[in-house]
Amino acid sequence: MYFVLPKSTPMRLIIIFTCIISLTASAQRITAIKCGQLLDVRTGILNKNVTILVKGNTIEMISQPGAMVKIKADTVIDLSEYTVMPGLIDCHTHVLLQGDITAEDYDVQVLKESVPYRTIRAVNSCSIALQNGFTTIRDLGTEGAGYADVDLKKAINRGIIPGPRMFVSTLAINTTGHYPLSESTYAWELKMPKGLAEITGADEGRRVVREQIAHGADWIKIYADRGYTKLADGSYRSIPNFTTEEIMAIGDETIRSRRKLAAHAVTRDGILAAINAGATSIEHGFGMDDECIQLMVQKNVYWCPTIYVNDYVAEGRAKAGSPINKYFSETEPALFKKATTAGVKIAYGTDIGGYDWHEPQSKDFEFMVQYGYSPLQAIQTATINAAGLLGQPLLGEIKTGNLADMIAIKGDPTKDIKLLGNVQWVMKDGVVYKTGN
Ligand SMILES: [Zn+2]
């Protein structure tokens, strides 16, 4: 059966036709999505009255704006009151963490919650991410929950639980003695569980990378520095966690295995070492300097600035006697401007899980606009830029042949970035997971 959808189709967020035509058992279902506006995230152009045809999990066709479209579909979804845009991508999450603002929050999860219990909680985190409009995430470390991220990804891909498309990094890597749980805060006779894999020596670095890839890691995550300080001249320094041999071995093993390296690196001591070892993204990077910026532009390294999480913890930690996050918050607006003006590419990354999953996942958009980005540039960080970082050309953009990951919101997000905190409709892989609030 054919439908003709005039522009004046009643505007309600409902599925208006279902299973009208009969298909052979093997044929893929076709869904027509009638968009009030479709956002082109490359240009910022909002095309009015566009119909998208989705076949299975793929975008099959996009109509010309305003055209009367003759379509043949199993289902028609009326989003004529909404702005449709690509599903969002968060390049820095921790689905297996439920907020660790203090060291104690972290220790409690690692010591008192079994990995199965933490995985049950993570099922909920995955669902929240999808409901927030994030159809893809790069999860950067299970923080003591072993390879449970690989299981979550598997369960999502098999349709057992709802969740975003996941790229996982499994345990993450640091050097011996530099990550919680810290031996010094517990009785020394105890062998404390660790929030990641610890290595000493280049060979151990290679072994751990190989182990993690064998278990299903899409990315390798390292913690490149620690012990952040602000010097009298206003610059930041830290202690590099790895020897040059260690970090180069990890980078080499990662790249030779066709994986990518994500580096938690806050100041030049971690950032330069990580980039030289082949890192594709710098996580946090609050204390980067001009040399880091230059090298990031030169080597096309992305920055996941995780702005909200730093701001979220800054005041409380300052009151508890640790003001470094507050300093980062104060210098971040100018740094963001300088780095982006120089040409550093930003990929959206929140570090959610480091803060509670019930807190917003869209706050970084607002901070970026506050720091000088246009709403469209902020949107690009979670769409085309994020897809670029992930090396996933079929994501981040609504175009023919891409995967059918899209969201709908009321209003124009290129005028009001806060609207991204109120995603009304979510489709991932051609399946609808949210239909209105
Ligand atoms: Zn993190």
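Computed from a predicted structure; not experimentally measured. Hydrogens, waters and symmetry mates are skipped; everything else that's a heavy atom, side chains included, is used. Order of appearance sets the numbers: ligands from 1, and atoms from 1 within every ligand.
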field: E283 backbone or side-chain N/O/S under 2.8 Å from the Zn ion (ligand 1)
entry: no
- prompt: When you measure from the Zn ion (ligand 1) to each N, O or S atom of D351, which atom gives the shortest distance?
  reply: OD1
task: Using 2.8 Å as a strict upper limit, say whether an N, O or S atom of H264 approaches the Zn ion (ligand 1) that closely.
output: no
query: Are the charged groups of R237 and D269 less than 4.0 angstrom apart, N to O?
result: yes
message: ring pair (Phe, Tyr, Trp, His ring centres under 6.0 Å) for F286 and Y327? Distances and angles first, verdict last.
response: CA-CA 9 Å; F286 309 120; Y327 299 153; over 10 Å; no
message: Parallel, tilted or perpendicular: which one describes the rings of Y355 and Y308, with boundaries at 30° and 60°?
response: perpendicular
query: Do any N/O/S atoms of H284 come under 2.8 Å of the Zn ion (ligand 1)?
result: no
query: Nearest to the Zn ion (ligand 1), which N, O or S atom of H94 do we find?
result: NE2
- prompt: Taking just the N, O or S atoms of H92, which one is nearest to the Zn ion (ligand 1)?
  reply: NE2
- prompt: Of all heavy-atom pairs between M288 and M296, which one has the smallest distance, and what is that distance?
  reply: CE-SD, 3.8 Å
field: Sole candidate of S238, C292, S235 that passes side-chain contact (heavy atoms from CB on, under 4.5 Å) when paired with T267
entry: S238
